[in-house]
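Every number for a ligand or one of its atoms is a count from 1 in the order of the listing.
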Amino acid sequence: MRITALNNDLTDDVLRLMDLGAPYVKARTPSDYWLYAKLFASTCPVAVVDNMVVGALIAMRSQDDPSEIYIQDVMTHPEYRRRGVAAALISVVQTRAQQWECRRIYLTSEPENLAAYRTWRSLGFANVAGEYTVKGVQVIKDFKGPGKDRAVFDMTLP
Ligand SMILES: CC(C)(COP(=O)(O)OP(=O)(O)OC[C@H]1O[C@@H](n2cnc3c(N)ncnc32)[C@H](O)[C@@H]1OP(=O)(O)O)[C@@H](O)C(=O)NCCC(=O)NCCS
């Protein structure tokens, strides 16, 4: 497996990969991926096996609080799951965060996305305390706006 930064030769393949992510991940538009490649490539690693895009992660460092990196989407091709793809992608972002002396990496997931919950927990993310729990997962009410409750996971860096 090769990990490379998102670039404009990969954006169509990344979009197609994200299209396989329903119901938890939805592909964004080609111009969104152009922007990620143009502005955020160093926090948008792509996993490639035999020229096939098998995983991608889209993250960005906050301009308002540069000590934070937000992970927007993580997706592994269904046939390549449980092979360490997400772990490898997250590790790229961790390394970048350390280089930039960021203090926090965080992401959200749908409370019922158990595979995601287990992945974030196994990779060292904490489930941020919320107002209620779904099957033991802490959920913050209206985190992404009215009615958009989310489980939030974060990792603090030394
Ligand atoms: C969540 C997702 C990104 C995980 O990707 P992955 O490449 O399979 O994850 P990894 O192989 O790196 O797994 C790392 C660890 O997480 C845990 N884990 C991952 N998937 C799991 C599952 N389905 N059940 C239980 N534990 C799981 C395991 O501890 C695993 O280590 P192990 O395989 O050595 O036991 C993948 O399932 C996916 O793309 N899902 C659909 C899109 C999605 O929900 N994205 C997240 C949105 S927030």
Quiz prompt | Residue contacts for ligand 1, heavy atom to ligand atom, distance under 4.0 Å | solution =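 Residues Tyr24, Val25, Val74, Met75, Thr76, Arg81, Arg82, Arg83, Gly84, Val85, Ala86, Ala87, Thr108, Ser109, Asn113, Ala115, Ala116, Arg118, Thr119, Trp120, Ser122 each place a heavy atom under 4.0 Å from ligand 1, listed by chain and number.
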Quiz item: Would one find more than 12 heavy atoms of other residues, nucleotides or ligands at under 6.0 Å from atom CD of Gln99?
Solution: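 Counting neighbours around CD of Gln99, more than 12 heavy atoms of other residues, nucleotides or ligands fall under 6.0 Å, so yes.
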Quiz prompt | Heavy atoms of other groups near Lys38 NZ, more than 12 under 6.0 Å | solution =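 Result for NZ/Lys38: open.
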Quiz item: For the ring pair Tyr106 and Phe153, is the centre-to-centre distance below 6.0 Å?
Solution: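 They do not qualify: ring centres at least 6.0 Å apart.
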Self-check item: Whichever hydrophobic residues join Val134 through chains of side-chain contacts under 4.5 Å
Solution: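 Val134 shares its hydrophobic cluster with Tyr132, Val139.
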Please set out all donor-acceptor pairs under 3.5 angstrom arising from side-chain atoms of residues 75-82, sequence neighbours excluded.
residue, atom, partner, partner atom, Å
His77, ND1, Glu79, N, 3.0
Arg81, NE, Thr76, O, 2.9
Arg81, NH2, Thr76, O, 3.0

Quiz item: Excluding sequence neighbours, so at least two apart, what forms salt bridge (charged side-chain N to carboxylate O under 4.0 Å, His left out) with Arg16?
Solution: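 Checked Arg16 against salt bridge (charged side-chain N to carboxylate O under 4.0 Å, His left out); matches are Asp13.
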